[in-house]
Amino acid sequence: MLDRPPIKRMDEPIDEIRAAVRTVDLHKTYKGPGGEVPAVQGIDLSIAHGEFYGLLGPNGAGKSTTIGMLTSLVVPTSGRATVCGFDVAKHPVDVKRRIGMVSQGNTLDNELNAFENLEFRGRYFGLSARDARRRAGELMEMFNLTDRREGKPFEMSGGQAKRLMICRALVHHPEVLFLDEPTAGLDPQTRVNLWDVLRELQSGGQTILLTTHYMEEAEALCERVAVIDHGKVLASGTVDDLKASAGADTVITVSYDGPVPDGVAKLRDRGGVTKVEVTGTQVRVFAQAADGLLGELVAIGSSAGTGVTDASQLRPSLESAFLTLTGREYRE
Ligand SMILES: Nc1ncnc2c1ncn2[C@@H]1O[C@H](COP(=O)(O)OP(=O)(O)OP(=O)(O)O)[C@@H](O)[C@H]1O
Ligand SMILES: [Mg+2]
């Protein structure tokens with residue numbers, strides 16, 4: 001389909017050639033009227049072909065900026081990134097031919113119908129008129145959009161529009177698919193349906209890099225994740241690695257109607273407890289063995305004459321790992 005130019009990548013180190021995505025000490029500082037914003041501060045990633053990889057982080061963590069650099073839309077301030085062996089700064093055209101990108105907002109062309117959105121993208125990537133139409137039809141079928149063929153994007157539901165954007169990103173058979181918060185703003189059922197679509201894509205061999213601020217999304221889809229915040233990787237690995245390395249299996253948070261009773265601090269010596277954090281009227285207990293612990297926290301309160309106003313118990317999850325890593329709530 002595309003004539004792929006030989007082999008500027010032979011001069012690159014071997015691991016960069018093999019990796020689908022690799023970054024080394026990647027930085028981006030935006031310079032604006034309000035001063036400098038260090039959005040990405042030294043990110044190292046290495047993603048294999050065929051892998052489903054998640055960049056997980058709260059609002060403003062630097063996810064879109066990282067994806068922007070990997071897709072040659074944002075120029076790195078320093079460091080290095082390669083996609084399919086090509087340096088994103090030196091060979092942006094080679095990179096763009098090999099990637100598909102679904103950005104955070106809806107970027108479909110409302111002047112064109114659904115089918116034409118795909119067909120025109122195919123033509124843009126050099127497919128013949130016939131091949132572009134064939135590919136558009138094939139993708140619409142694959143993504144269950146055939147009955148929306150003539151519809152304009154603005155007439156589609158959020159989930160349909162997102163599926164169409166994914167189709168459009170796949171028209172030219174990209175080696176790596178970048179998805180920036182693909183399920184943000186979708187209702188839970190639509191989100192789960194989209195997860196199925198993405199799983200199917202990956203089982204067909206598609207390399208996918210997805211950003212999300214939904215823990216359960218990363219947990220449901222990704223083989224490996226990097227948790228990022230303030231432009232840095234806090235931890236990376238398989239979801240299980242992260243849960244294990246974070247140490248805390250269960251996080252119990254209790255709010256009292258007055259200062260946290262002194263007796264709570266003694267829980268530090270209780271078997272299975274790894275950490276006790278007291279902030280004002282709230283205590284957070286991290287524990288490997290949490291049986292009965294919530295009851296004890298309530299009992300300590302009552303014997304000190306202090307009531308419990310709120311209590312929650314977070315079972316082992318990526319979310320409890322994040323809490324353990326960062327020491328604070330995951331910001332939405
Ligand atoms: N074009 C820009 N100019 C200046 N600052 C920017 C620009 N784009 C992003 N930023 C800032 O860089 C930081 C990282 O933003 P980025 O959009 O990469 O985060 P994000 O993780 O994608 O967040 P979200 O979950 O909200 O999409 C934020 O502080 C943001 O305000
Ligand atoms: Mg973003």
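Ligands are counted one by one from 1 in listed order, and the atoms in each one are counted from 1 as well.
- One side chain, H213 or E181, offers a donor N or O that lies under 3.5 Å from an acceptor on the other.
- The protein non-hydrogen atom at the shortest distance from atom 23 (O) of ligand 1 is G60 N, 2.8 Å.
- Summarising the local packing, OH of Y30 is surrounded by more than 12 heavy atoms from other residues, nucleotides or ligands at distances under 6.0 Å.
- The nearest heavy-atom contact from the protein to atom 26 (O) of ligand 1 is N59 ND2, 2.9 Å.
- The distance from ligand 1 to the heavy atoms of A39 drops below 4.0 Å at these ligand atoms: 12 (O), 13 (C), 14 (C).
- For atom 18 (O) of ligand 1, the nearest non-hydrogen atom of the protein is T65 OG1, 2.5 Å.
- Here T211 does not reach the Mg ion (ligand 2): none of its N/O/S atoms is less than 2.8 Å from the metal.
- Short contacts between ligand 1 and A61, defined as distances under 4.0 Å to a heavy atom of the residue, involve ligand atoms 19 (O), 20 (P), 21 (O).
- Taking the charged nitrogens against the carboxylate oxygens, D180 and K63 have no contact shorter than 4.0 Å, which rules out a salt bridge.
- At the shortest separation from atom 9 (C) of ligand 1 among protein heavy atoms lies Y30 CE1, 3.4 Å.
- The closest approach between G32 and ligand 1 stays at or above 4.0 Å for every heavy atom of the residue.
- Within ligand 1, counting atoms from 1 as listed, the ones closer than 4.0 Å to a heavy atom of E181 are 24 (P), 25 (O), 27 (O).
- Assignment of P58 to the shell around ligand 1 is supported, since a heavy atom sits closer than 4.0 Å.
- Remark: R135 fails to qualify as a cation-pi partner of F125 under the 6.0 Å distance and 45° angle criteria applied to the six-membered ring.
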Show me the donor-acceptor pairs within less than 3.5 Å that the side chains of residues 220-228 make with the rest of the protein, sequence neighbours left out.
| from | atom 1 | to | atom 2 | distance (Å) |
| --- | --- | --- | --- | --- |
| E223 | OE1 | F52 | N | 2.7 |
| E223 | OE1 | Q202 | NE2 | 2.8 |
| R224 | NE | E51 | OE2 | 2.4 |
| R224 | NH2 | S46 | O | 2.6 |
| R224 | NH2 | E51 | OE1 | 2.9 |
| R224 | NH2 | E51 | OE2 | 3.2 |

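- The shortest contact between atom 19 (O) of ligand 1 and any protein heavy atom is with G62 N, 3.3 Å.
- Counting only heavy atoms, the protein gets under 4.0 Å from atom 16 (P) of ligand 1.
- Residue nearest to atom 20 (P) of ligand 1, selected from M69, K31, Q104, K63: K63 (by heavy-atom distance).
- Looking only at side-chain heavy atoms (C-beta outward), N117 and P153 come within less than 4.5 Å of each other.
- Side chains of T309 and D257: no donor on one and acceptor on the other come within 3.5 Å.
- Counting only heavy atoms from C-beta outward, the side chains of I43 and M69 never approach each other to under 4.5 Å.
- By the 4.5 Å heavy-atom criterion applied to side chains, E200 and D196 are not counted as neighbours.
- Nearest protein heavy-atom contact of atom 29 (O) of ligand 1 is V37 CG1, 3.8 Å.
- The Mg ion (ligand 2) has an N, O or S atom of S64 under 2.8 Å away, backbone or side chain.
- Side-chain atoms of V83 and R98, non-hydrogen and from C-beta on, never get closer than 4.5 Å to each other.
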